Amino acid sequence: MRLEDGRVIVTGAASGLGRHFTLALARAGAAVAAGDVDAGGLERLRVGAEGLPGRVITKRLDVSQEASVVAFVQEASEQFGGANVLVNNAGILRDGLLAKEEGGWVKKLPSALWRQVIDVNLTGPYLMAREVVAEILKRGIRESVIVNISSISRAGNPGQSNYAASKAGLDATTRTWALELAASGVRVGGIAPGLVDTPILKNISEGSLKELVAGIPLGRVGRPEEVWLALKFIIECDYFTGRVIEVDGGSTF
Ligand code: NAD
């Protein structure tokens, strides 16, 4: 698919990778419906996209809430005549060890933190893909792409059982939806970044970040524009489906 033919929905578009993807797509001439829970960030995105060749509309979206997803996809579909690309990018971290002995007490990972991460990182992409694909089938759109933003933490990472489980589950949906939907012209791909320089890194202490960077063969964190190259490839390459591309400086574990 040519980027300029994209009618793209990007979730988590107010910050980091989602913001970068939205602006890069609009620069290439694609129309983008950008959703996020962060209204201030969406407004900054709208202003930042002014004057670009592609149209950007912004609207509040909570991917973990079914009614919010249904309303968002409905409005984007009406404005664009049906989206043909979905980028499931919204994601959160709520790190913690499963159980940890601390001064005579055992601290447990609260179930609320488990649920929040699964709701946003796994249930969110399912709801978004379901609604977008339903519109694609209803409208008879012949060529379309879904991209799920995973993480190399999917393989398991101490302190991230909720996050790792959500991303491993997301990769399973990438493969499953690719198999289910290939005959309908829907390609489904994933990207598993390593550490990338976005505001999400605020959640990691300076000491731990230094240690993590020391373990990256290329010796630095990635840049959003380097992950964008993978997204561009997945959208443009009509023979790509069912796979997850790692963009991680060689640090896959
Ligand atoms: P970020 O925190 O900068 O951006 C995430 C965006 O998602 C924010 O704007 C946030 O408001 C939004 N969001 C959170 N909950 C939401 C919800 N319920 N509905 C809609 N939007 C919601 O983080 P980022 O680094 O840009 O992360 C983007 C994606 O990349 C995430 O899925 C993340 O897991 C993944 N990822 C990031 C890294 C990294 O190092 N930056 C590495 C691997 C994977």
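In each ligand, atom 1 is the first atom listed, and ligand 1 is the first ligand listed. This one's a predicted model, so the numbers in the text were calculated from it and none came from an experiment. Only heavy atoms go into these numbers, but all of them, side chains included; no hydrogens, no water, no symmetry mates. FYI, the numbering just counts along the sequence from 1.
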List every atom of ligand 1 that sits less than 4.0 Å from any heavy atom of [X], numbering the atoms from 1 in the order shown and giving each element.
| X | value |
| --- | --- |
| Y163 | 33 (C), 34 (O), 35 (C), 36 (N), 43 (C), 44 (C) |
| I149 | 29 (C), 30 (O), 32 (O), 35 (C) |
| I92 | 14 (C), 15 (N) |
| A90 | 7 (O), 20 (C), 21 (N), 22 (C), 32 (O) |
| G16 | 3 (O), 26 (O) |
| P199 | 3 (O) |
| L201 | 40 (O) |

Could you check whether any side-chain N or O of [X] sits under 3.5 Å from a backbone N or O of [Y], counting only pairs where one atom can act as donor and the other as acceptor?
| X | Y | answer |
| --- | --- | --- |
| R187 | I235 | yes |
| N84 | R7 | yes |
| R154 | L170 | no |
| N89 | T11 | yes |
| E78 | G81 | no |
| N121 | I92 | yes |

Below 4.0 Å from any atom of ligand 1, is there a heavy atom belonging to [X]?
| X | result |
| --- | --- |
| K167 | yes |
| G222 | no |
| G194 | yes |
| T11 | no |

So which heavy atom in the protein is nearest [atom], and how far is it from that ligand atom?
| atom | result |
| --- | --- |
| atom 26 (O) of ligand 1 | L17 N, 2.8 Å |
| atom 23 (O) of ligand 1 | I200 CB, 3.4 Å |
| atom 1 (P) of ligand 1 | S15 OG, 3.6 Å |
| atom 19 (N) of ligand 1 | V63 N, 3.0 Å |
| atom 7 (O) of ligand 1 | G12 CA, 3.4 Å |
| atom 44 (C) of ligand 1 | S150 O, 3.1 Å |
| atom 18 (N) of ligand 1 | D62 OD1, 2.8 Å |
| atom 24 (P) of ligand 1 | T198 OG1, 3.5 Å |

If every non-hydrogen atom of [X] is compared with every non-hydrogen atom of [Y], which pair is closest and at what distance?
| X | Y | result |
| --- | --- | --- |
| P125 | W177 | O-CH2, 3.8 Å |
| P53 | G29 | CB-CA, 4.2 Å |
| H20 | E225 | NE2-CA, 3.4 Å |

Return the orientation label for the F240 and F233 ring planes: parallel under 30°, perpendicular over 60°, tilted otherwise.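 Rings of F240 and F233: perpendicular, over 60°.
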
Count the heavy atoms belonging to other residues, nucleotides or ligands that lie under 6.0 Å from [atom1] of [X], then report whether that count exceeds 12.
| X | atom1 | value |
| --- | --- | --- |
| R142 | CZ | no |
| K232 | NZ | no |
| R139 | CZ | yes |

Compute the shortest N/O to N/O distance between [X] and ligand 1 and return yes if it is under 3.5 Å, no if not.
| X | result |
| --- | --- |
| P193 | no |
| L195 | no |
| N89 | yes |

With atom 39 (C) of ligand 1 as the reference point, say which of V196, I204, L61 has the nearest heavy atom.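 Minimum heavy-atom distance to atom 39 (C) of ligand 1 goes to V196.
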
Measure the shortest side-chain to side-chain distance between N148 and D171 over non-hydrogen atoms and say whether it is less than 4.5 angstrom. no

